[in-house]
There are 2 protein chains.
Amino acid sequence: MSTEKTNKALPIMAEADIAIARIAPETSFKNKAYEALKEAILKMDIYASPEPVMLDERALSERLGVSRTPIREAIAMLEQDGFVKTVPRRGIVVVRRTKSEIVDMIRAWAALESMAARMITTIARKKDISALRDYFKDFGKDRPPQEHIEEYSKANIAFHQALISLSESPVLVDMTNDILLHVRGYRQLTIGRTDRIAASLPEHLAIIEALEERNTELAEKRARDHTLGLATYVETHGQELFS
Amino acid sequence: MSTEKTNKALPIMAEADIAIARIAPETSFKNKAYEALKEAILKMDIYASPEPVMLDERALSERLGVSRTPIREAIAMLEQDGFVKTVPRRGIVVVRRTKSEIVDMIRAWAALESMAARMITTIARKKDISALRDYFKDFGKDRPPQEHIEEYSKANIAFHQALISLSESPVLVDMTNDILLHVRGYRQLTIGRTDRIAASLPEHLAIIEALEERNTELAEKRARDHTLGLATYVETHGQELFS
DNA sequence: CCAAGATTTTTGGCATACCAGATGCCAGAC
DNA sequence: GTCTGGCATCTGGTATGCCAAAAATCTTGG
């Protein structure tokens, strides 16, 4: 009743339709605090000291220059993510995952990635699949990954994320990224073994090949087995840095 | 050093050993609000009205009898879960998922469940696997599921949850439950088709059989295809109740 | 009667004050 | 010297109040 006939209005700005992208809503302190704390947690080495890492609301609010309110909201969000756990009247503790939890997460990752592989064989463009090789173009017989672990590790993660993205499934992408955030910190500690790294590269290439051949079952299997292999590896060789 | 030799002490209360049971930690208002709001959101039919459902901090704080602070923290948590989205200075809106989002989630569910099936074939006890049949013992030729849709739908969800639990993987369980919470609301609307329901029961039984036979590949495949079938079904027949 | 502008109201964001449980230090009793 | 009760203090939990942006409503000039 009251919304019609307004189509001819908007005399001032209508014609040009300037491509302004809805000015940045200036993300709130809550979200800024969330991002800042998340980054800080991911950056720190949670498994270094024997005592659990504690956070202090007041100290954080002072450090970030905001009041406790947005800090608390950010912490509530981090708690939903499983990064911290607040104990009433005691403190906020950064969660340390046990080895079996990490292994468990990697298995879930394997499940999601194999599904992504399956989907990719039916929808992705050949060219996009082949582009996955680029992540490893700097490595080969003359430049073995084992001698550039840090670099290879980055390429490795980037490859997996790019792979999942090709599935064009936001849910798979998001869930996998969440898992990677949790696993990554621990990953650095356990991936530094030359034997596993040596096996890693050929497996990646094999996955790409299966995708290119549109071999759904094989691609799924290779993606799954590759990541399950990592799970087994961590389970067997992972340091016992946990409580 | 200081804990030994105290065995003979405790003169006053030792002998009786009063049966006090660690007083309840009284969950905070924040968590109570979170649970209350979550339940309310899951219970309501989000897709009923054309306009999006909005929440109001002040109204909620009055309804629940607490101040806005715990409400806001609860909302921050719900936002992390993806149940609501708060738009600054506009309001808090209950998120409505599009059909393709639902389909996408179901595919992720399929991935997780097939991994669960895989694991079950190697670790679950025969007896626990067989017990899965109990969820469907009230249905059969003489009592077809199509004529007891509501009841069957409940049994259906319970079966899937029990199945995943047998994997003994907390991550798979949690992730699947999250997905089910999002999908369930929509599920009721789309599952009421007799053709799909008729196919559902035999597929479930086939999954159980593969598990009992410890046929890893087959169990995985059946679990995956069953749920992917639901995804395809929703994609094809799901109502267009979305925006 | 209508549209443009001014004004009031609504709504989430943030800061602050105060509360109560949990700890830890310390004086006083044995 | 050791144990115990009490008190200062630390920490998260909750309630309030105010702010600014956005929406809704009212006003006013044509």
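Sequence lines set the chain letters: A, B, ... in the order given, protein chains first and strands last, and positions in each chain run from 1. Note that the structure is predicted; figures quoted are calculated from it, not measured.
Following rounding to the nearest Å, A/I71 (CD1) and D/dT14 (C1') show an atom-to-atom distance of 17 Å. Rounded to a whole Å, the CG atom of B/L64 is 14 Å from the C1' atom of D/dT14. Atoms CD (B/E62) and P (C/dG12) sit 14 Å apart, rounded to a whole Å. Between the CD1 atom of B/I92 and the C1' atom of C/dT11 there is a distance of 9 Å, rounded to whole Å. Counting to the nearest Å, the P atom of C/dC14 and the CD1 atom of A/I75 are 15 Å from each other.
Residue whose closest nucleotide on DNA chain C sits further toward the 5' end, between A/N31 and B/D56: B/D56. The residue among A/R90 and B/T69 whose nearest nucleotide of DNA chain C is located toward the 5' end is B/T69.
Picking from D/dA15, C/dG12, D/dA23 the nucleotide with the shortest atom distance to the side chain of B/E57 gives C/dG12. Distances were taken from every side-chain heavy atom of B/F29 (C-beta onward) to each of D/dG12, D/dA15, C/dA15; the shortest belongs to D/dA15.
In this structure a side-chain-to-backbone donor-acceptor pair under 3.5 Å is missing from B/R68 to B/S61.
Contacts of A/L55 with the nucleic acid, taken as non-hydrogen atoms under 4.0 Å apart, involve only primed sugar atoms and P, OP1 or OP2. In this structure, B/T86 reaches the sugar-phosphate backbone alone: every heavy-atom distance under 4.0 Å involves primed, P, OP1 or OP2 atoms, never a base.
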Report all side-chain donor-acceptor pairs from residues 37-44 of chain B shorter than 3.5 Å, counting only partners two or more places apart or in another chain.
residue	atom	partner	partner atom	Å
B/K38	NZ	B/Y34	OH	3.3
B/E39	OE2	B/K43	NZ	3.0

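Here the shortest heavy-atom pairing between B/M115 and A/A111 reads CB-CB, 3.5 Å. Of all the heavy atoms in A/F83 and A/L181, the pair that sits closest is CZ-CB, 4.1 Å. Nearest approach of A/M119 to A/S167, heavy atoms of both residues: CE-O, 3.6 Å.
Evaluation of the ring-ring contact (aromatic ring centres under 6.0 Å, His included) test over residues 55-79 of chain A, restricted to residues two or more places apart or in two chains, returns none.
Near DNA chain D, defined here as any heavy-atom distance below 4.0 Å, there are no residues from residues 32-40 of chain B.
A donor-acceptor contact closer than 3.5 angstrom links the side chains of B/S28 and B/N31.
Dashed line: the shortest gap from a side-chain N or O of A/S67 to OP1 or OP2 of C/dA15 is under 4.0 Å.
Considering only residues two or more places apart in sequence or on other chains, A/F159 meets the ring-ring contact (aromatic ring centres under 6.0 Å, His included) condition with A/F136, A/H204. Considering only residues two or more places apart in sequence or on other chains, B/D128 meets the side-chain hydrogen bond (donor to acceptor under 3.5 Å, both in side chains) condition with B/R125.
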Tabulate protein N/O versus nucleotide N/O from nucleotides 17-21 of chain C, keeping only pairs under 3.5 Å, one per line.
residue	atom	partner	partner atom	Å
C/dG21	O4'	A/R89	NH1	3.4

